[in-house]
Enquirer: 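Supplied in structure tokens, the structure appears directly below.
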Amino acid sequence: QLQACGGGLVQAGGSLTLSCAASERTFSSYSMGWFRQAPGKEREFVAYISWSGDSLTYADSAKDRFTISRDNAKNTVSLQMNSLKPEDTAVYYCAAKYYKPSAYAHEYDYWGQGTLVTVSS
């Protein structure tokens, strides 16, 4: 199971940190991704981190503003979001994929329930 938290209302230019806790004992075998879905839009990739933490990839919209990290000892993955923009408003989902990371949502095995991020202008 994945449990995401940390969403909320923030003004443009502000920051939020999302966290996702996994109950799976083999968390360290899973690559983790963050996706988001804005109202009326399809779910889109935000960032992923490989099972080892060695490989990180960001969507263009997240580069230089968001940072993904993981703590395998605590079974958590985080997404630090800075310089938030109104267009970042969405429900953010964490997801787990066994072994190799991916930017494609359909390749993920497990999903969290989502946490809402609202950025006001």
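As a basis for the values below, the full set of heavy atoms in this structure was taken, side chains included, without hydrogen atoms, waters or symmetry mates.
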Enquirer: Treat each ILVMFWY residue as a node, draw an edge where side-chain heavy atoms are under 4.5 Å apart, and state whether I49 and L18 are in one component.
Expert: yes
Enquirer: Do any N or O atoms from the side chain of T118 and from the backbone of L9 form a donor-acceptor pair under 3.5 angstrom?
Expert: no
Enquirer: Stepwise, does the side chain to side chain contact (heavy atoms under 4.5 Å, CB included) test hold for Q3 with Q113?
Expert: CA-CA 7 Å; Q3 189 78 20; Q113 84 286 3; 3.6 Å; yes
Enquirer: Would you check if Y108 and Y30 make a side-chain contact, meaning some heavy-atom pair closer than 4.5 Å?
Expert: no
Enquirer: Ignoring hydrogens and geometry, is there a side-chain-to-backbone donor-acceptor pair from T115 to G7 under 3.5 Å?
Expert: yes
Enquirer: For atom CD of Q1, decide whether the heavy atoms of other residues, nucleotides or ligands shown that lie under 6.0 angstrom number more than 12.
Expert: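 Open: at most 12 neighbouring heavy atoms sit under 6.0 Å from CD of Q1.
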Enquirer: Kindly compute the distance separating CD1 (I68) from CH2 (W34), expressed to the nearest 0.5 Å.
Expert: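 Going from the CD1 atom of I68 to the CH2 atom of W34 covers 8.0 Å.
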Enquirer: Report yes or no: is the cationic atom of R70 (NZ for Lys, CZ for Arg) under 6.0 Å from the centre of the six-membered ring of F27, at an angle within 45° of the ring normal?
Expert: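 Judged by the rule (NZ or CZ under 6.0 Å from the ring centre, within 45° of its axis), R70 counts as positioned above F27.
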Enquirer: Does the ring of Y93 carry R43 above it, NZ/CZ under 6.0 angstrom from centre and within 45° of its axis?
Expert: yes
Enquirer: Walk me through whether T17 and Q80 qualify under side chain to side chain donor-acceptor pair (under 3.5 Å).
Expert: CA-CA 4 Å; T17 299; Q80 171 71 41; 2.4 Å; yes
Enquirer: Membership question, hydrophobic clusters at under 4.5 Å side-chain separation (ILVMFWY): are V46 and V77 in the same one?
Expert: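 They do share one cluster, since a chain of ILVMFWY contacts under 4.5 Å joins V77 to V46.
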Enquirer: At what distance, to the nearest 0.5 angstrom, does OH of Y92 lie from CG of L79?
Expert: 7.5 Å
Enquirer: Tell me if the aromatic rings of F45 and Y58 count as close, with their centers under 6.0 Å from one another.
Expert: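 No; Y58 has its ring centre 6.0 Å or more from that of F45.
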Enquirer: The test is side chain to side chain donor-acceptor pair (under 3.5 Å); show your working for E107 and S102 and say whether it passes.
Expert: CA-CA 7 Å; E107 295 185 359; S102 171; 2.7 Å; yes
Enquirer: At their closest point, which heavy atom of L2 faces which heavy atom of A22, and how far apart are they?
Expert: CD2-CB, 3.6 Å
Enquirer: What is the distance from atom NZ of K97 to atom CG of D109, rounded to the nearest 0.5 Å?
Expert: 7.0 Å
Enquirer: Cys pair C94/C20: SG distance under 2.5 Å?
Expert: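 Bridged: C94 to C20.
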Enquirer: Backbone N or O of Y99 within a donor-acceptor pair of the S31 side chain at under 3.5 Å?
Expert: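 Looks like yes, one N/O pair under 3.5 Å.
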Enquirer: Quick check: is M32 connected to Y110 through a chain of hydrophobic side chains (ILVMFWY, heavy atoms under 4.5 Å apart)?
Expert: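 Yes.
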Enquirer: Judged by atom type as modelled, is there a donor-acceptor pair below 3.5 Å linking the side chain of S78 to the main-chain atoms of S69?
Expert: no
Enquirer: Could you walk me through whether D71 and T76 pass the side chain to side chain donor-acceptor pair (under 3.5 Å) test, one step at a time?
Expert: CA-CA 5 Å; D71 186 336; T76 59; 5.0 Å; no
Enquirer: Quick check for you: to the nearest 0.5 Å, what is the distance between Q11 atom CD and S121 atom OG?
Expert: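 Answer rounded to 0.5 Å: 9.5 Å.
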Enquirer: In sequence, state the C-alpha distance, the side-chain angles, and the governing distance for F66 and L84, and then conclude on side chain to side chain contact (heavy atoms under 4.5 Å, CB included).
Expert: CA-CA 9 Å; F66 294 2; L84 283 162; 3.9 Å; yes
Enquirer: Examine W51 together with Y98 and report whether their ring centres are nearer than 6.0 Å.
Expert: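 Not under 6.0 Å, so no.
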Enquirer: From the options V91, V117, D88, select the one residue that forms a side chain to side chain contact (heavy atoms under 4.5 Å, CB included) with R36.
Expert: D88
